[in-house]
Amino acid sequence: MKEKIQKDLKRILGELYSSVDIDIKKFDINIQDNKEKEHGDLASNIALVLAKPLGRNPKEIAEEIKENFQTDQDITKVEVAGPGFINFFLSKKSHGAVLKEIFIEKDGYGSSKSNNKKVLIEYVSSNPTGPLHVGHGRGAVFGSVLARLLNEAGFKVDEEYYVNDFGRQMNILAASLWIRYAQIFNNDIQMIKNGYQGEYLIPIAKNLKEKRSNELFLSDSDLNDLLNKDTQEDESFVDSVIETIRSRLGDEFLFIRDFALKEILDLIQADLSEFGVNHNKWFSESSLYENKLGSDSIVDKAINELDSNGFIYEQEGATWFKSSTLGDDKDRVLKRGNGEYTYFASDVAYHLDKYDRGYDRIINIWGSDHHGYIPRVRAAMEASARNIQKLEVVFIQFANLIRSGKKVPMSTRSGEFITLKELIDEVTTEAARFFYINRKSDQHLDFDLDLAKEQSKDNPLYYIQYAHARICSVLSKSHIDEGKLANSDLTLLDLDKEVELQKVLNQYPVLIERAALSSEPHLICYYLKDLASIFHSYYNSEKFLVEDQNLMNSRLFLLSGVKQVIHNGLSILGINAPQEM
RNA sequence: GCCCCGUUAGCUCAGUCGGAUAGAGCGCUGGAUUCCUAAUCCAGAGGCCAUAGGUUCAAAUCCUGUACGGGGCACCA
């Protein structure tokens, strides 16, 4: 309908003002939804926009356009109001068109046809050194909802988890696991200061013992240092433990390391899966460092590319990237004086690899504490002659958990954090997903645990689900075949609330498109709350199962449309729409 | 010091491309159930949209300054 009005207005403007010395075509014609019923359904501000360039009174222009506008069976009335708005009034029948559309498209209502564009969303990517905690939950939900949303908007979406399985932290993980393993044989051994403290390594150590029995245990002489509590307090002690195990066990050290990584990735994957988050790609950081038969690794190739573009120099034994020439605060080290690569080197190579895989959009979902990181990554892509417009970064702010009105204290040190699994077990996956996504991503979020568990209208998720269940209940009590409702007389739906419901249903596809384009899935939550609210109000003011068959059928048809849209919206959020509650 | 994000009702927050009288929930006050799920609804009170300028026919929305709050600025990952 909006498109039709736009087209008509364009034509009228062309006819009226073709002789004027300005280019009418360059003005966009906006059609807005009106809030106030007295203003009609739609409005255009074009007369106000044109007033200045034409040097005329906006009301006169609006009247002129109105005179030339042809009303028909859909657009029944045109009015000029206020400072020069042109208001359009739609017929009852044209409001009902949306119900037939929903009826035909069902689950597909709101989704666009494929646009043949590929998008990569990288998210979560937490270090594989321990289970996910609640801090990861928000990014996890956001990424998975954005993936569904973009899929709905016609993109071909890949969801990727970048596994930081390279470097010192993996050795520390291996050492920590080995200590848990050694504790099985000698409980005088204690976890060392820089090791991973969490108890999650204990069951993994038991699994390790199943595989290797006591073969990985060390001789008494090697254990001397480990049993000396004074030296353990030292920050660098972890390195000497790694050295000891590595020199005594040789390749078995690598076995321990790989075993630890695999077990923890299994843990992470299981938690994500229970949380409705499913990455279809897992990208290993260490794969960036493989060099097959003498050829350069991906990281070396990336550095060489920067080098040949003139962005690399050596200083004090380290390899530097001249990011400051491309907007970063300072230059960055890629390879340290001791020959080790920095995390940033991996990231440069990783991002180049993403580009080379041919995506149209590359979306990173990062914790907001990483925002200072973005100029150097951009600089690296620019220095490698990649189109930096393709790279988008969405920052996710931290979430606080609130219980009984108070912040739940959390410390990532010494393993005192609440895991994602514990959160899910307490409030359910669905509530956790909804509350995480309910708020704009770049805003702090207070996650109220008590509210998430509450079963009342204070809990917006229950409110929405209840609307769906109520409709299901009415439809089932009516004993009518939903498939036969399509021929209902939609002109009978002329109550204010009925018209409003149809208008809101009509906005759904636009909402999905906007949410996808601006990466703002929280809009879906607000939309669904709105829709549910209008429905509940309608439910309380009218009866649906009435004597008059025609009236009943049209009302049930409307309800069936509301039901479908709630279902579609919740499904993007990864939340079930229950038949009964 | 530099860089991000924020400041809207007592509280928690929405607010589309700048559009007509500023939105919701909670809380507060008062109502609705012989009837399709009261897990619901209806009505009322409650606002200098932090602040000072600017752009515009029109600013919560765009631009600049200021104040206040949160976060970030490694040869860590």
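In what follows, every chain begins at residue 1, and chains take the letters A, B, ... in the order their sequences are listed. Quick caveat, the model's predicted, so the values are computed rather than measured. Just so you know, these numbers use all the heavy atoms, side chains as well, and skip hydrogens, waters and symmetry mates.
- Between the base of B:G6 and the side chain of A:H444 there is no donor-acceptor pair shorter than 3.5 Å.
- Here the separation of B:C5 from B:G47, taken at their C1' atoms, is 25 Å to the nearest Å.
- Of the options A:F283, A:Y341, A:F166, a ring-ring contact (aromatic ring centres under 6.0 Å, His included) to A:Y350 is made by A:F283 and by none of the others.
- Nucleotides B:G6 and B:U66 are separated by 16 Å at their C1' atoms, to the nearest Å.
- Distance CD (A:Q169) to C1' (B:C76): 10 Å, rounded to an integer number of Å.
- Aromatic rings from A:Y436 and A:F447 are positioned such that their centres are separated by under 6.0 Å.
- Dashed line: the shortest gap from a side-chain N or O of A:R470 to OP1 or OP2 of B:U37 is not under 4.0 Å.
- As rounded to the nearest Å, B:A22 and B:G44 have P atoms that lie 16 Å from one another.
- Within 3.5 Å, a donor on the side chain of A:N45 pairs with an acceptor on the base of B:G19, or the reverse.
- When distances run from any side-chain atom of A:Y466 to the nucleotides B:A20, B:A39, B:A74, the shortest one goes to B:A39.
- Side-chain atoms of A:R514 and base atoms of B:U16 include a donor and an acceptor less than 3.5 Å apart.
- In terms of phosphate contacts, A:R336 brings no side-chain nitrogen or oxygen within less than 4.0 Å of OP1 or OP2 of B:A74.
- For B:C49 and B:C11, the P atoms lie 16 Å apart once the distance is rounded to whole Å.
- By the 5.5 Å and 30° criteria, A:F85 is stacked with the base of B:A20.
- The listed nucleotides are B:C13, B:C57, B:C75; the one nearest the side chain of A:A318 is B:C75.
- A donor-acceptor contact under 3.5 Å is not formed by the side chain of A:D347 with the base of B:A77.
- Checked against B:G6, B:A14, B:C36, the side chain of A:D442 finds its nearest nucleotide in B:G6.
- Stacking annotation: A:F544 is stacked on the base of B:C36 (ring centroids less than 5.5 angstrom apart, interplanar angle below 30 degrees).
- For the OP1/OP2 pair of B:G15 and a distance below 4.0 Å, the side-chain nitrogens and oxygens of A:K440 include at least one atom meeting the criterion.
- One interatomic measurement links the two molecules: NZ of A:K330 to P of B:C75, which rounds to 4 Å at whole-angstrom precision.
- Atom OH of A:Y436 and atom P of B:C13 are 16 Å apart (whole Å).
- One can place OH of A:Y538 at 17 Å from C1' of B:U37, the figure rounded to the nearest angstrom.
- When the ring-ring contact (aromatic ring centres under 6.0 Å, His included) test is applied to A:F557, the partners found at least two apart in sequence or on another chain are A:F103.
- Between the P atoms of B:A59 and B:A20, the separation comes to 11 Å (whole Å).
- For the P atoms, the distance linking B:A24 with B:G15 amounts to 15 Å, nearest Å.
- OP1 and OP2 of B:U21 both lie 4.0 Å or more from every side-chain N or O belonging to A:K35.
- Between A:K477 and B:U37, a side-chain N or O to OP1/OP2 separation shorter than 4.0 Å is present.
- Contact between the side-chain N/O atoms of A:Y462 and the OP1/OP2 oxygens of B:A38 is not found at any separation under 4.0 Å.
- When heavy atoms are screened at a 4.0 angstrom cut-off, A:N338 is found touching no nucleic acid atom at all.
- Between the side chain of A:E316 and the base of B:C75 there is at least one donor-acceptor pair of N/O atoms closer than 3.5 Å.
- The aromatic ring of A:H39 sits over the base of B:A20, with ring centres less than 5.5 Å apart and planes inclined by under 30°.
- For A:Q32, whose side chain is taken as the heavy atoms from C-beta onward, the closest listed nucleotide among B:C75, B:A20, B:G15 is B:A20.
- A gap of 11 Å separates the P atoms of B:U7 and B:C62, to the nearest Å.
- Look at the C1' atom in both B:C73 and B:U61: the space between them is 31 Å, to the nearest Å.
- Ranking B:C41, B:C35, B:C4 by closeness to the A:H371 side chain, first place goes to B:C4.
- Residue A:K2 places no side-chain N or O under 4.0 Å from the OP1 or OP2 atom of B:C17.
- Summarising the geometry, the separation between CG on A:D446 and P on B:C26 is reported as 18 Å, rounded to the nearest angstrom.
- Distance, A:L523 CG to B:U16 C1': 8 Å, rounded to whole Å.
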